[in-house]
Amino acid sequence: MKRYIIITVLLFTAIPTILCERRIDDRDRYPGHRTEHYWHYHCPSYFVSRNGVFFDGKSIKGADPKSFRILDDGYAMDKWHIYYFGEILSDAAQSFKVLGYGYAKDNWSIFYDGCRIEGASVGNFSVLSDWYAKDNWNVYFDGKKIDEASPGTFMVLRDGYAKDRWTVYYDGMKVEEASAGSFNCLKDGYAEDNWNTFYKGRKLD
């Protein structure tokens, strides 16, 4: 009986972390929750008290309770540091600002889920929706550059679909055989062009 109780407690303790790490998969498993809010509600949180600052029940060493501010997307800051999920971002500055969908920036760098995006341009970086973002030179999904995507003509559609002048994408991946010019999103992951029907980026036979 004791063994059963211990296993149960450990399982429920691990659930928030598992949900955070698997949020991309969960967007497909739970199509009604394709927003950044789903996983935020199921992740561990910050807590500020007179005795210190805590994340997921663990003390954040050196955090200043008086100046500590909880931001969005797992980020927080005080007068000394920027934090992501309770860990210090050593390369982030006090000019830090959360942009949404896991993206953030300071005066010098763009970040996604606490990691700096190498080569992203701070001056013209913009977050779109559905985890897509772009600057003047590149398009990004989930913090990763989409090869050969055209920022100037790129647009987000819905349900994970997006397109530029030549190509259709689903969750940042090229949708083979889709015609960008006639592509149209329907609902619940379905889409079509003049020749084919697609479901979650896959052409249906």
Side-chain angles (χ1 to χ4, degrees), residues 20-40 72-75 84 89 91-92 95-205:
C20 293
E21 292 175 349
R22 290 179 58 87
R23 73 183 185 283
I24 299 174
D25 295 335
D26 286 344
R27 289 182 311 190
D28 289 331
R29 293 172 57 200
Y30 303 96
H33 296 89
R34 289 188 65 91
T35 71
E36 79 263 41
H37 303 294
Y38 174 76
W39 67 279
H40 292 163
D72 293 326
D73 294 358
Y75 294 103
Y84 180 71
L89 296 184
D91 53 351
S95 55
F96 193 84
K97 179 181 179 181
V98 176
L99 304 176
Y101 289 94
Y103 294 95
K105 71 174 184 178
D106 61 20
N107 287 346
W108 296 274
S109 302
I110 300 292
F111 301 85
Y112 180 76
D113 279 5
C115 297
R116 186 169 57 176
I117 302 177
E118 296 295 336
S121 174
V122 176
N124 47 61
F125 190 89
S126 61
V127 175
L128 304 175
S129 60
D130 271 5
W131 291 268
Y132 289 99
K134 68 176 184 177
D135 57 24
N136 282 355
W137 295 275
N138 296 297
V139 180
Y140 305 87
F141 176 79
D142 224 29
K144 298 179 179 64
K145 185 174 73 171
I146 303 175
D147 291 336
E148 300 181 2
S150 169
T153 61
F154 192 88
M155 65 177 68
V156 178
L157 303 175
R158 54 175 292 180
D159 296 338
Y161 287 105
K163 69 176 184 177
D164 59 22
R165 182 178 298 172
W166 302 277
T167 306
V168 177
Y169 305 89
Y170 179 77
D171 278 2
M173 302 297 292
K174 182 178 179 180
V175 179
E176 299 294 340
E177 301 185 53
S179 170
S182 62
F183 192 84
N184 180 41
C185 291
L186 302 175
K187 66 176 183 177
D188 298 330
Y190 287 94
E192 65 181 5
D193 60 17
N194 285 348
W195 297 273
N196 297 297
T197 300
F198 302 85
Y199 178 66
K200 293 186 177 180
R202 177 174 56 88
K203 189 183 79 168
L204 300 179
D205 296 328

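All residue numbers refer to positions in the sequence shown, counting from 1.
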- Test log, rule side chain to side chain contact (heavy atoms under 4.5 Å, CB included), inputs Phe111 and Asp106: CA-CA 8 Å; Phe111 301 85; Asp106 61 20; 3.8 Å; yes
Hey, does [Y] have a side-chain heavy atom less than 4.5 Å from the side chain of [X]?
{"X": "Leu157", "Y": "Asp159", "answer": "no"}
{"X": "Asp142", "Y": "Tyr112", "answer": "yes"}
{"X": "Asp73", "Y": "Tyr103", "answer": "no"}
{"X": "Tyr101", "Y": "Leu128", "answer": "no"}
{"X": "Ile146", "Y": "Asn138", "answer": "no"}
{"X": "Val168", "Y": "Phe198", "answer": "no"}

[atom1]/[X] to [atom2]/[Y] distance, rounded to the nearest 0.5 angstrom?
{"X": "Arg202", "Y": "Thr197", "atom1": "CZ", "atom2": "OG1", "answer": "11.5 Å"}
{"X": "Ser126", "Y": "Leu99", "atom1": "OG", "atom2": "CG", "answer": "9.5 Å"}
{"X": "Asn184", "Y": "Lys163", "atom1": "CG", "atom2": "NZ", "answer": "8.5 Å"}
{"X": "Lys134", "Y": "Met155", "atom1": "NZ", "atom2": "CE", "answer": "9.0 Å"}
{"X": "Tyr190", "Y": "Lys200", "atom1": "OH", "atom2": "NZ", "answer": "9.0 Å"}

Would the distance check show the side chain of [X] and the main-chain N or O of [Y] forming a donor-acceptor pair, the cut-off being under 3.5 Å?
{"X": "Asp164", "Y": "Ser150", "result": "yes"}
{"X": "Ser95", "Y": "Asn107", "result": "yes"}
{"X": "Asn196", "Y": "Lys203", "result": "no"}
{"X": "Tyr75", "Y": "Gly114", "result": "yes"}
{"X": "Tyr169", "Y": "Val156", "result": "no"}
{"X": "Asp193", "Y": "Ser179", "result": "yes"}

- Message: Check the orientation of Phe183 and Tyr161. Use parallel for under 30°, tilted for 30 to 60°, and perpendicular for over 60°.
- Response: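 Phe183 and Tyr161: tilted rings.
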- Please walk me through it: do Trp108 and Val122 pass side chain to side chain contact (heavy atoms under 4.5 Å, CB included)? CA-CA 6 Å; Trp108 296 274; Val122 176; 5.5 Å; no
Please give me the minimum heavy-atom distance between [X] and [Y], naming the atom from each residue.
{"X": "Arg165", "Y": "Thr153", "answer": "N-OG1, 3.1 Å"}
{"X": "Ser182", "Y": "Trp195", "answer": "OG-CZ3, 3.8 Å"}
{"X": "Asp130", "Y": "Arg158", "answer": "OD2-C, 4.0 Å"}
{"X": "Tyr132", "Y": "Gly160", "answer": "OH-O, 2.8 Å"}
{"X": "Cys185", "Y": "Ala191", "answer": "CA-CB, 3.9 Å"}

- Distance-only donor-acceptor check, side chains Asp135 and Tyr140, under 3.5 Å: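 Note: Asp135 and Tyr140 side chains meet the donor-acceptor criterion.
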- Check step by step if side chain to side chain contact (heavy atoms under 4.5 Å, CB included) holds for Arg116 and Asp91. CA-CA 8 Å; Arg116 186 169 57 176; Asp91 53 351; 4.0 Å; yes
